[in-house]
Amino acid sequence: MTSVEMEKEFLACLDCKQKYAINDERYFCDCGANLSVERPIEVLKKLCPKTFDERLKNRDTINRSGVWRFREAIRNLPLDQYISHPEGGNFLYTRVKIDNFANSQQIFLKHEGENPTGSFKDRGMTVAITQAKLLGKRVAACASTGNTSASLAAYAAQAKMKALVFVPAGKISKDKLAQALAYGATCIALKGNFDDAMHIVKKVSEKSEIYMVNSLNPFRHEGQKSIVWEIFQDLNWQAPDWIVVPGGNLGNTSAFGKAIHEAYEAGWITKKPRLATIQAEGANPFFLSFQNQFRTFSSVNAETIATAIRIGNPVNIKKAIHAIQLTHGIVEQVNDEEIIEAKCLIDAEGIGCEPASACSLAGIKKLITKNVIKSSEKVVGVLTGNLLKDTNSILQDPSKQSTSGKVLESEASIKAIEKIIENI
């Protein structure tokens, strides 16, 4: 690449260090490894948090986006080329009962379920669909356990593109499937698991008219970086000690490590928070690999109540390992009972989340118990999806899923109702 090209954004391979033009239509390096969107660190050093803070005061849609507020460090384009709802700008919650539950002095929960389609996926999808539109694509495709399909369908509809979604038959929340259908996606239910769907979408995306927007797509990670940067902004650019996130396909882990590293190198923060990725015990290949210092990696047959992370062969494994190493991070696992216990508390505190999101809080509690995280340390747990993303986990057996809510049958009489009221 020429020196002029190198001053701008480009695609780079983390393995062999090969570089490609930013609009080179590819997901992989010639060596077979995943690609990353990169820019010289001097570009990031020219930016400062004050610029991002000033944009918070602006009412323009693009500046209200929690992604495009950081646009020069994500995908620098003319303002009229961004496909944005907008996304981001999600709240950072604190609750005394949540602190007490985990024996912590300061836990913050960043709720990505408050995005337009109800999950963190919108952060990456705004960038991926912007790039798809820029390349003149007609169809965007993904494999999905639910959240990616809903996000893809919404952003494709906004961009006047067709959405093609591959899901594992019978293993996707009906709430998420309904979203994708409502936004106009063509959904294909495959007889297999998510990893089978991922294999299919990679193959069909070899056709020039179809653009793959799974987290193999490097532009997805650029959008997801903004979760971390918005956390820093929420905390007045004072980085927490830990950022804790659920791990499925490991796109967030990869993006978070990159975001932390870039912010630190650019001088936006003065210390690097440590990254903790929490997997469900029934879908834990990254955890198992971490246990042997990443010397080996094997896929697993995934099964967990946390459907959003029910993935046995994550495609971002190499990037995720790099992220954990960059941040001196760790990987932990929690079982379904621990996930539901944490979810019940989050729900009962009026915040709410889908089961996979609760891995963050369950993991924080476990790591504090193990004395890996100190009770005095400032911790941010990321809630990745909205409560309404998976209502089956609540409605199938409310007695196990909630500490407060219940459905009672009653005669339609004031006397009967008054008796119930006396006992609530």
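This chain uses plain numbering: 1 for the first residue, then up along the sequence.
Contact check on K137 versus E25 returns a salt bridge, with a Lys/Arg side-chain nitrogen under 4.0 Å from an Asp/Glu carboxylate oxygen. Salt-bridge formation is not detected for the pair R274/E377: no Lys NZ or Arg NE/NH1/NH2 atom is positioned less than 4.0 Å from an Asp or Glu carboxylate oxygen. Between E72 and R55 a salt bridge is recorded (basic side-chain N to carboxylate O distance below 4.0 Å). A salt bridge is defined here as a Lys NZ or Arg NE, NH1 or NH2 lying under 4.0 Å from an Asp or Glu carboxylate O, and E338 with K365 fails to meet this definition. A salt bridge between R123 and E112 is present, with a side-chain N of the basic residue lying under 4.0 Å from a carboxylate O of the acidic one. Salt-bridge annotation for K162 and E209: absent, with no side-chain N of the basic residue lying under 4.0 Å from a carboxylate O of the acidic one.
Annotation: F294 is in aromatic contact with F286 [ring centroid separation under 6.0 Å].
Note: E349 CD to C344 SG = 12.0 Å, rounded to the nearest 0.5 Å. For the atom pair CE (M198) and OG1 (T145), the distance works out to 11.5 Å, reported to the nearest 0.5 Å. The CG atom of N301 sits 10.5 Å away from the CZ atom of R310 when rounded to the nearest 0.5 Å. A distance of 7.0 Å separates CD1 of I269 from CD1 of I260, quoted to the nearest 0.5 Å. One distance of note links NZ of K203 with CD1 of I210; it measures 14.0 Å at 0.5 Å rounding.
Side-chain contact of R220 with N252: a donor-acceptor pair under 3.5 Å is absent, judged by distance alone. Under the 3.5 Å distance criterion, with hydrogens and angles disregarded, a donor-acceptor pair is assigned to the side chains of T253 and T277. Defined by atom type and a distance below 3.5 Å, a donor-acceptor pair is missing between the side-chain atoms of N217 and Q131. Side-chain contact, K272 with T327: no donor N or O sits under 3.5 Å from an acceptor N or O. Under the 3.5 Å distance criterion, with hydrogens and angles disregarded, no donor-acceptor pair is assigned to the side chains of K258 and Q224.
Looking at D53 and Q233, their side chains come closer than 4.5 Å, going by heavy atoms from C-beta outward. Between F256 and P273, every side-chain heavy-atom pair lies at or beyond the 4.5 Å cut-off. A 4.5 Å side-chain heavy-atom check between D60 and W68 finds every atom pair outside the cut-off. Taking the side chain as every heavy atom from C-beta outward, K202 and Y27 never approach each other to under 4.5 Å. Side-chain atoms of Y183 and T117, non-hydrogen and from C-beta on, do get closer than 4.5 Å to each other. Contact of the V300 side chain with the F287 side chain is not registered, since no non-hydrogen atoms from C-beta on lie closer than 4.5 Å. Counting only heavy atoms from C-beta outward, the side chains of I74 and S226 approach each other to under 4.5 Å. Side-chain contact between E332 and I278 is present, with heavy atoms from C-beta onward closer than 4.5 Å.
Between D234 and L92 the shortest heavy-atom distance is CB-CD2, 3.6 Å. The minimum heavy-atom distance linking I309 with A283 is given by the pair O-CB, 3.5 Å. Listed here is the closest heavy atom pair of H221 and S215: NE2-O, 2.9 Å. Nearest heavy atom pair, residue S144 against residue P168, reads O-CD, 3.2 Å. Across every non-hydrogen atom of D390 and I305, the tightest pair is OD2-O, 4.2 Å. Across C16 and C13, no two heavy atoms sit closer than the pair N-SG, 3.3 Å.
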Audit row: L235, V380, side-chain contact (heavy atoms from CB on, under 4.5 Å) steps and yes/no: CA-CA 10 Å; L235 298 174; V380 177; 4.1 Å; yes

F120/N90 under side-chain contact (heavy atoms from CB on, under 4.5 Å): CA gap, chis, key distance, verdict: CA-CA 10 Å; F120 76 92; N90 312 313; over 6 Å; no

Candidate pair R39 and E222, rule salt bridge (charged side-chain N to carboxylate O under 4.0 Å, His left out), full reasoning: CA-CA 11 Å; R39 55 196 57 78; E222 291 304 286; 3.2 Å; yes

Stepwise salt bridge (charged side-chain N to carboxylate O under 4.0 Å, His left out) test for R69 and E230: CA-CA 9 Å; R69 188 185 311 147; E230 197 170 74; 3.3 Å; yes

Derivation and outcome, salt bridge (charged side-chain N to carboxylate O under 4.0 Å, His left out), residues E262 and K225: CA-CA 10 Å; E262 289 179 346; K225 288 189 313 186; 2.7 Å; yes

Criterion side-chain contact (heavy atoms from CB on, under 4.5 Å) on L134 and R75, from CA distance to verdict: CA-CA 12 Å; L134 191 68; R75 187 70 173 94; 3.4 Å; yes

Stepwise side-chain contact (heavy atoms from CB on, under 4.5 Å) check, N34 with D15: CA-CA 8 Å; N34 294 2; D15 282 10; over 6 Å; no

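Applying the side chain to side chain contact (heavy atoms under 4.5 Å, CB included) test to P116 and every residue at least two apart in sequence or in another chain returns H85, E87, D122, Y155. The ring-ring contact (aromatic ring centres under 6.0 Å, His included) search around F70 returns F52, W229, not counting sequence neighbours.
Counting only distance, with no hydrogens or angles, the side chain of D336 and the backbone of T304 share no donor-acceptor pair below 3.5 Å. Listed for the K366 side chain is a donor-acceptor partner under 3.5 Å among the backbone atoms of Q333. Not a single donor-acceptor pair under 3.5 Å links the side chain of S289 to the backbone N or O of P285. Remark: side-chain polar atoms of S254 are paired, donor with acceptor, to backbone N or O of A320 under 3.5 angstrom. Checked by atom type and distance alone, the side chain of D175 pairs as donor or acceptor with a backbone atom of T391 at under 3.5 Å. Looking only at distances, a side-chain donor or acceptor of N335 sits under 3.5 Å from a matching main-chain atom of E337. A donor-acceptor contact shorter than 3.5 Å links the side chain of K343 to the backbone of C353. At least one donor-acceptor pair closer than 3.5 Å links the side chain of D99 to the backbone N or O of I107. Not a single donor-acceptor pair under 3.5 Å links the side chain of S360 to the backbone N or O of L383. A donor-acceptor pair is defined here as one N or O able to donate and one able to accept, closer than 3.5 Å; no such pair exists between the side chain of S36 and the backbone of A12.
Within 6.0 Å of the CG atom in N292, the count of heavy atoms belonging to other residues, nucleotides or ligands exceeds 12. For Y264, the OH atom sits in a loose shell: 12 or fewer heavy atoms of surrounding residues, nucleotides or ligands are nearer than 6.0 Å.
Partner of K121 under the side-chain hydrogen bond (donor to acceptor under 3.5 Å, both in side chains) criterion, chosen from T384, T148, N147: T148.
Under the 6.0 Å distance and 45° angle rule, R26 counts as a cation-pi partner of Y20. Taking the ring centre of F194 as origin, the terminal cationic atom of K171 falls outside the region bounded by 6.0 Å and 45° from the ring axis.
Sorted pairs that involve residues 186-201 and meet side-chain hydrogen bond (donor to acceptor under 3.5 Å, both in side chains), not counting sequence neighbours, are lacking altogether.
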